[in-house]
Amino acid sequence: MSKFWSPVVHGLTPYVPGEQPKLPNLVKLNTNENPYGPSPKALAALQAEVGDTLRLYPDPGSDRLREAIAQYHQVAPNQVFVGNGSDEVLAHVFHALLQHDQPVLFPDITYSFYPVYCGLYGIQYRQIPLTDTFEINVDDYLQSNGGIIFPNPNAPTSRILALAEIERLLQGNPNSVVVIDEAYVDFGGESAIQLVNRYPQLLVTHTLSKSRSLAGLRVGFAIGHPDLIEALNRVKDSFNSYPLDRFAQSGAIAAMQDQAWFEETRARVIANREKLVADMEALGFEVLPSAANFIFAKHPNHEGAVLTAALRERSIIVRHFKNPARIAPFMRITVGTEAQCEALVGALREILA
Ligand SMILES: *Cc1c(COP(=O)(O)O)cnc(C)c1O
């Protein structure tokens, strides 16, 4: 507390990211990073960027990157907004598109950054409980609102909502913005980007942190109607004209263009997930159906917090959420390499014995 703080700062409850421990030899399965590393072509593009041009500012509009993303997703470049990680994109989304008289709606169990942005920008929100099976029920969102946002697949539950249900939500909600945060969609979902030309209120966000394995580069983007994109650009250009540096722009372009690497690594993650789910179920765990690069699992006889601590003693880090109470039994486990998943299952077998 300091008398020098702005009033809003006194009231902030910042987001707490999963830890990035500095210890070597950890099996790190706590922040949903991709175990297979970025495209070698992205790494080469980053290396090529080291040089005298670093004295110059980067392209403020990230035009070439937006073109690469537009081409990949078959939309126009003026339907693409890019930011310093999708967290920054989402911050601008809350500021530019979700700050209205009515409350924003999102699930009670979801990405915990959403209420933080609401706190930062003074936005009212209403949390809509997931069903008993941790699913989003679209009917619950057909009420007056200042916007709707949720991840699909949802985090930390890993469950996917079918595209037809998202379309039903859009049809029942024509007058406020619907944001689908598709951070994990490449691991098992169908993207709602194919709906943006029919629904001007739809904005879809993506990140290169998970399926493109570039969490360290900080690149995310949003796709939607040009009017929504213009709102985001207005906020961005009132905040930071150069959110993506030269490395981020070059590396991200190369990553978007390396289809072969993308397909190969995501197929490996999906295969590892299926094996991990089967192994966990054989140990007695209940695992929610996952369409993501992580699983959400609980054991009928062992508490999530206790298992998380026991894994940590064996240098395996997973994520546990105390709140809300109905997810406290669970652990959220990132799908790692074959060897990392085996280490996890071996450790759990030992702990349960
Ligand atoms: C990881 C994640 C993000 C943020 O991704 P960055 O691009 O790394 O900022 C956004 N939404 C959800 C649901 C995520 O899990």
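Computation of the quantities below employed the complete heavy-atom set of this structure, encompassing side-chain atoms and omitting hydrogens, waters and symmetry-equivalent molecules. Just so you know, ligand 1 is whichever comes first in the structure, and atom 1 is the first atom listed for that ligand. A quick note: this is a predicted structure, and the numbers were derived from the prediction, not measured.
Side-chain polar atoms of N272 and Q340 form no donor-acceptor pair below 3.5 angstrom. Q20 and E33 share a donor-acceptor pair across their side chains, judged by distance under 3.5 Å alone. Side-chain contact check for T131 and N137: no donor-acceptor pair (N or O, by modelled atom type) lies under 3.5 Å.
Contacts between S86 and ligand 1, counted as non-hydrogen atom pairs separated by less than 4.0 Å, involve both the backbone and the side chain.
Taking a 4.0 Å cut-off on heavy atoms, G85 registers as neighbouring ligand 1. Residue contact annotation: F113 has no non-hydrogen atom under 4.0 Å from ligand 1.
A distance-only check finds a donor-acceptor pair linking the side chain of Q201 to the backbone of L170 [under 3.5 Å].
Distance from atom 15 (O) of ligand 1 to its nearest protein heavy atom, with residue and atom name: Y184 OH, 2.5 Å. Of all protein heavy atoms, the one lying nearest to atom 12 (C) of ligand 1 is D181 OD2, 3.5 Å.
Under a cutoff of 6.0 Å and an axis angle of 45°, R212 and Y72 form a cation-pi pair. A cation-pi arrangement is not found for R159 relative to F296, the charged atom failing to lie both closer than 6.0 Å to the ring centre and inside a 45° cone about the ring normal.
Atoms of ligand 1 lying under 4.0 Å from at least one heavy atom of T207, given by number and element, are 5 (O), 6 (P), 7 (O), 8 (O). The distance from ligand 1 to the heavy atoms of S209 drops below 4.0 Å at these ligand atoms: 6 (P), 7 (O), 8 (O). Atoms of ligand 1 found under 4.0 Å from any heavy atom of K210, numbered from 1 in the order shown, are 1 (C), 2 (C), 3 (C), 5 (O), 14 (C), 15 (O). Close approach to R218 involves these atoms of ligand 1, each under 4.0 Å from a residue heavy atom: 6 (P), 8 (O), 9 (O).
Between Y114 and ligand 1, no N or O atom pair is found at a separation short of 3.5 Å. Considering backbone and side-chain N/O atoms, Y111 never comes within less than 3.5 Å of an N/O atom of ligand 1.
A single hydrophobic cluster is not seen to contain both I128 and V104; linkage of ILVMFWY side chains at heavy-atom distances under 4.5 Å, directly or through other members, places them apart.
Of the listed residues (Y125, F150, Y15, F106), just one forms a ring pair (Phe, Tyr, Trp, His ring centres under 6.0 Å) with Y114, and that residue is F106.
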